[in-house]
Amino acid sequence: MSTRRRMSRTQLVMELTARRIETTGLHQGAALGEEEWASYPPATYAPDAPCSVAHAFERAQRLAAGRTIRAGIRRHGRVAVRPRAYHPAEFSEALRVLSDHLSDVPITPDLYSPLGMTETDYRLTVLSSWGETEGLTANAAARTIRAAAPAYR
């Protein structure tokens, strides 16, 4: 009998974020504005180009939505695979856990409401600004992101 445990969706998103940064590298520097992105032809988009922590997190969310934890179901002697339902609240939880870990303090409304930002925008800003830390390597970023994932249940 296997003792392997399934990852929660929060853990899955953080693991995929860490893997993305490890495999493609960490992009640091000014993010391109919409005007600059519009000037790039789609053929120049590189799926393996280095990306920021916030971008890696957003890609991980999209991947986790389609490749969720799967449960085997027996049907007529065969095992069918059924994906878990999509739950946006679980992705919000992943963003909350990661941004709180990276900022070293819980993010509360008194931090983002005076700035006129939504909680999600503020948390994504925390990810972006942490990723811009001077001297941060892709491996160090991946280790820190994995450390933020809650322990297996």
Side-chain angles (χ1 to χ4, degrees), residues 1-34 36-37 40 45-73 79 81-153:
M1 190 162 138
S2 175
T3 59
R4 189 172 152 192
R5 296 182 182 178
R6 292 187 208 167
M7 288 183 169
S8 69
R9 186 96 47 155
T10 300
Q11 292 167 326
L12 180 63
V13 168
M14 287 192 220
E15 177 61 28
L16 291 172
T17 302
R19 284 184 192 177
R20 173 76 182 172
I21 289 173
E22 281 178 337
T23 57
T24 64
L26 181 64
H27 173 72
Q28 292 180 312
L32 295 177
E34 288 188 28
E36 287 116 356
W37 274 118
Y40 284 107
Y45 296 157
D48 59 347
C51 57
S52 67
V53 176
H55 183 251
F57 183 80
E58 289 171 4
R59 286 186 60 105
Q61 284 183 318
R62 288 195 305 266
L63 274 174
R67 176 226 271 188
T68 58
I69 306 159
R70 301 189 181 251
I73 305 166
V79 176
V81 178
R82 179 182 68 189
R84 278 182 56 193
Y86 172 74
H87 295 290
E90 291 176 336
F91 295 129
S92 297
E93 177 69 8
L95 180 60
R96 185 193 64 75
V97 169
L98 184 56
S99 59
D100 285 350
H101 180 77
L102 298 179
S103 68
D104 294 326
V105 294
I107 294 173
T108 57
D110 61 324
L111 292 173
Y112 57 83
S113 58
L115 301 172
M117 299 176 82
T118 64
E119 181 179 4
T120 302
D121 289 342
Y122 187 82
R123 289 184 182 280
L124 288 172
T125 302
V126 167
L127 296 186
S128 294
S129 62
W130 178 80
E132 296 296 322
T133 305
E134 192 172 325
L136 182 65
T137 64
N139 288 335
R143 276 194 310 274
T144 305
I145 291 167
R146 283 191 179 105
Y152 285 175
R153 294 179 197 128

With respect to Phe57, which candidate in Ile21, Leu98, Leu16 satisfies the side-chain contact (heavy atoms from CB on, under 4.5 Å) definition?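 Among Ile21, Leu98, Leu16, the one that satisfies the side-chain contact (heavy atoms from CB on, under 4.5 Å) with Phe57 is Leu98.
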Can you name the one residue among Glu58, Arg59, Arg62, Gln61 that meets side-chain contact (heavy atoms from CB on, under 4.5 Å) with Val13? Gln61
Taking side-chain hydrogen bond (donor to acceptor under 3.5 Å, both in side chains) as the test, write out the residues that go with Thr118, two or more places apart.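 With sequence neighbours excluded, Thr118 shows a side-chain hydrogen bond (donor to acceptor under 3.5 Å, both in side chains) to Asp121, given in chain and number order.
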Partners passing side-chain hydrogen bond (donor to acceptor under 3.5 Å, both in side chains) against Asp104 (at least two apart in sequence or in another chain): none
Please give me the minimum heavy-atom distance between [X] and [Y], naming the atom from each residue.
| X | Y | result |
| --- | --- | --- |
| Gln11 | Ala149 | CG-CB, 4.2 Å |
| Ala60 | Thr17 | CB-OG1, 3.3 Å |
| Leu95 | Thr120 | CD2-CG2, 3.9 Å |

Spacing of [X] atom [atom1] and [Y] atom [atom2] [to the nearest 0.5 Å]:
| X | Y | atom1 | atom2 | answer |
| --- | --- | --- | --- | --- |
| Tyr112 | Met117 | OH | CE | 11.0 Å |
| Leu26 | Thr133 | CG | OG1 | 9.0 Å |
| Leu111 | Tyr122 | CG | OH | 4.5 Å |

Taking the side chain as C-beta and beyond, is there a heavy-atom pair between Leu63 and Arg20 under 4.5 Å?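 Side-chain contact under 4.5 Å: no.
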Pair up each side-chain donor or acceptor in residues 135-148 with any protein partner under 3.5 Å, not counting sequence neighbours, and list the distances.
from   : atom 1 : to     : atom 2 : distance (Å)
Thr137 : OG1    : Ala140 : N      : 3.1
Thr144 : OG1    : Ala140 : O      : 2.9
Arg146 : NE     : Glu15  : OE1    : 2.9
Arg146 : NE     : Glu15  : OE2    : 3.4
Arg146 : NH1    : Glu22  : OE2    : 2.8
Arg146 : NH2    : Glu15  : OE2    : 3.1
Arg146 : NH2    : Glu22  : OE1    : 3.1

